[in-house]
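Chain letters run A, B, ... following the sequence lines, proteins first and then strands; every chain starts at 1.
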Amino acid sequence: MKYKAPRGTRDLLPGEAEKWHFVESRFKELCNIYGFTEIRTPIFEETALFVRSMGEETDVVKKEMYIFKDQGGRELALRPEGTAGVVRAFIEHGIHNEAQPVKLFYYGPMFRYDRPQAGRQRQFYQMGIEIFGTKDPAVDVEVIKFSQDFFQGLGFSNLSLQINSTGCSECREDYLEQLSVFADARVSSLCGDCKERSRLNPLRLLDCKEIGCREEMKDAPRITDHLCSSCRDHFDKVLFLLDSLEIIYNVDHQLVRGLDYYTNTAFEFHSSTLGAQNSLGGGGRYDNLVEVCGGASTPGVGMAVGVERIVMAMEKEALFSEEMPAAGIFIAVGEQNDLPLRREALLLLNYLRGKGIVCDTDYLGRSLKAQMKFANRKRFRYVVILGGEDPSEGTLKVRDMLKGDQTELLRSEAIELLLKNCGK
RNA sequence: GUGGGUGUAGCUCAGCUCGGUUAGAGCGCCAGGUUGUGGCCCUGGAGGUCGUGGGUUCAAGUCCCAUCACUCACCCCA
């Protein structure tokens, strides 16, 4: 075996691809109901776009991007997430001139140079939605409700919704300062990583896994106690609306999202059946992002879910329906050397396909027994047997593979039966 | 980037601790048992540079080193 799929990538083989298709189609159906329309953006963008939107100090930018220079000397990066490209397209095409708010969805592969593990690949797929043009807290709730509907529609019943507010740039700045002061006072008892964090990204101090750090930071100031009045008001309304829709959530003061562009609402959906990477998806509000990327100040809110993780969690919870039911027609030929008979088989095959019926035949010159075995394996509903013992003119032998019985019918009757039972 | 576990047939794995004749099983695949008919059963067949490269040894799937990949976890995230 010479070539292998590159590290952190994988093939989706038949049998698994169908599961993905199921998840994708549910997502798209729900987008349609909610009024989101699709946008497709390039898989690579200028590197600077991602650096600008996500933030220089984020891990994604510092060590996880696939960056390269093309033959024209352009600095490019494979997209590590979907929002930046959507925002770029929003600005570039003046979408703010369309009827507001603008509701978009996207689906596609993302790339991060990470060490692979359960629920984490270097190429992974995200589906996401974005709403531009309104600060209404009801929109934050719509995005959350959408996510919940989506997960419930797939059959999940035990996901937990974590939510927090990270404030606007102003109240966050005040808060971060207080947090730094708090951390500096006990820097000696924090782990090495946290010492770094207190300088670079104090918000991250909150979700360190070290027990010692957790203990030290237990009484750290909470951002929700330091929100400015408008952020406080926004968060209260979001929670009120969630309550009104009877959406159960847990306000997690430690919840911090990894990308700098989030403001105010941040949320994640967790699954307990997954491993360490237990987030099926998440999102939040990003009121400064469009402006940061060079557009007119436009509020936005969105979320993204990871397809691999969803499929993995669904497998663990046995949410996919079992094997597909028997369907379609296999045309078996008794005497493979009988050219007129094979001709008849091909004509029938193409006639039935023309009627939109799943239909196939043997091309390996195999014995009737082998053809029957094949038809069984491939779960065909009916087998039409041409030739065979004492064939009579103008009739077809039709075998029902589920019931195991076989009848010989006039050709026209046989076709009528097949069309009725296998047609759409 | 750091640490643990694992790489033997298409798939799931045994064999490795205690090196020693032609490397095994189940499933799958192909064929036969049934002078043309699937599922169950029986028989036979095909299929392996034992991840790769070095080393130790008379002898390496088995011991040692390196490397690559998979896997789980950390960091971080979907």
(message) Looking at A/D400 and A/R381, is any side-chain nitrogen of the basic one under 4.0 Å from a carboxylate oxygen of the acidic one?
(response) yes
(request) Determine, step by step, whether A/R342 and A/D338 satisfy the salt bridge (charged side-chain N to carboxylate O under 4.0 Å, His left out) criterion, reporting the C-alpha distance in whole Å, the side-chain angles of both residues, the deciding distance to 0.1 Å, and the verdict. (result) CA-CA 6 Å; A/R342 286 214 63 191; A/D338 184 336; over 6 Å; no
(request) Assign A/K369 to base, sugar-phosphate, or nothing according to its heavy-atom contacts below 4.0 angstrom with the strands shown. (result) base
(request) Could you please name the option among B/G39, B/A73, B/U37 that lies closest to any side-chain atom of A/K397? (result) B/U37
(request) Determine whether any donor atom in the side chain of A/Q406 lies under 3.5 Å from an acceptor atom in the base of B/U37, or the reverse, and answer yes or no. (result) yes
(request) Assess whether one donor atom and one acceptor atom, taken from the side chain of A/R10 and the base of B/C70, lie less than 3.5 Å apart. (result) no
(message) Of the listed nucleotides (B/C74, B/C76, B/A78), which one gets closest to any side-chain atom of A/D59?
(response) B/C76
(request) Report yes if the ring of A/F124 lies under 5.5 Å from the six-membered base ring of B/A78 with planes under 30°, and no otherwise. (result) yes
(message) Is it the case that the side chains of A/E64 and A/Y66 hold a donor-acceptor pair, with the cut-off being a distance below 3.5 Å and no angle test?
(response) no
(request) Ignoring hydrogens and angles, answer whether the base of B/G38 and the side-chain atoms of A/R377 contain a donor-acceptor pair closer than 3.5 Å. (result) no
(message) Side chain of A/R115, heavy atoms from C-beta onward: which of B/G39, B/U71, B/C76 has the nearest atom to it?
(response) B/U71
(message) Could you tell me how far apart A/F380 (CZ) and B/G38 (C1') are, to the nearest whole angstrom?
(response) 13 Å
(request) Using the closest heavy atom to pick a nucleotide of RNA chain B for each, name whichever of A/L280 or A/S367 lands nearer the 5' end. (result) A/S367
(request) For A/M401 and for A/A276, locate the closest nucleotide of RNA chain B by heavy-atom distance; then report the residue assigned to the nucleotide nearer the 5' terminus. (result) A/M401
(message) Without decimals, in angstroms, what is the distance between A/E64 CD and B/C76 P?
(response) 10 Å
(request) Check whether any side-chain N or O of A/Q117 sits under 4.0 Å from OP1 or OP2 of B/A73, and answer yes or no. (result) yes
(message) Rounding to an integer number of Å, can you tell me how far A/D11 CG sits from B/C11 P?
(response) 12 Å
(request) Would you please indicate if the ring centroids of A/Y106 and A/F27 are separated by under 6.0 Å? (result) no
(message) Over all strands shown, is A/G128 touching base, sugar-phosphate only, or nothing at heavy-atom distances under 4.0 angstrom?
(response) nothing
(request) Please determine if a side-chain N or O atom of A/R366 lies less than 4.0 Å away from the OP1 or OP2 oxygen of B/C30. (result) yes
(message) I want to check one thing: is the phosphate of B/C70, taken as OP1 and OP2, less than 4.0 Å away from some side-chain N or O of A/R7?
(response) yes
(message) Tell me the interatomic distance from A/D362, atom CG, to B/A31, atom C1', rounded to whole angstroms.
(response) 15 Å
(request) Say whether A/E408 and A/T395, considering side chains only, have a donor N or O and an acceptor N or O under 3.5 Å apart. (result) yes
(request) Indicate whether any N or O donor in one side chain lies under 3.5 Å from an N or O acceptor in the other, for A/E38 and A/Y107. (result) no
(message) Under 4.0 Å, counting only non-hydrogen atoms across every strand here, what does A/A375 touch: a base, just sugar-phosphate, or nothing?
(response) nothing
(request) Could you work out the separation of B/C11 and B/C50 based on their P atoms and round it to a whole Å? (result) 16 Å
(message) Which nucleotide wins on minimum distance to the side chain of A/L368, given the candidates B/C77, B/U37, B/G39?
(response) B/U37
(request) Measure the distance from CD on A/Q123 to C1' on B/A78 and round it to the nearest whole Å. (result) 13 Å
(request) May I ask you to verify if any side-chain N or O of A/R379 is less than 4.0 angstrom from the OP1 or OP2 atom of B/G38? (result) no
(request) Let me know the distance between CG of A/L274 and P of B/A78, rounded to the nearest Å. (result) 14 Å
(message) Taking any heavy-atom pair under 4.0 Å as a contact, classify A/E81: base, sugar-phosphate, or nothing.
(response) nothing
(message) Suppose you measure atom C1' in B/A25 against the same atom in B/G38; what distance do you get, rounded to whole Å?
(response) 27 Å
(message) Just the rounded figure in Å: distance from C1' of B/C76 to CG of A/D114.
(response) 6 Å
(message) Any base atoms under 4.0 Å from A/G8, or only sugar-phosphate, or nothing? Heavy atoms, all strands.
(response) sugar-phosphate
(message) Quick test of your reading of the model: are A/E46 and A/R88 salt-bridged, counting only N-O distances below 4.0 Å?
(response) no
(message) Using the side-chain heavy atoms of A/R120, tell me which of these nucleotides is nearest: B/G33, B/A31, B/A78.
(response) B/A78
(request) Please state how far atom NE2 in A/H270 lies from atom P in B/C77, giving the value in whole angstrom units. (result) 11 Å
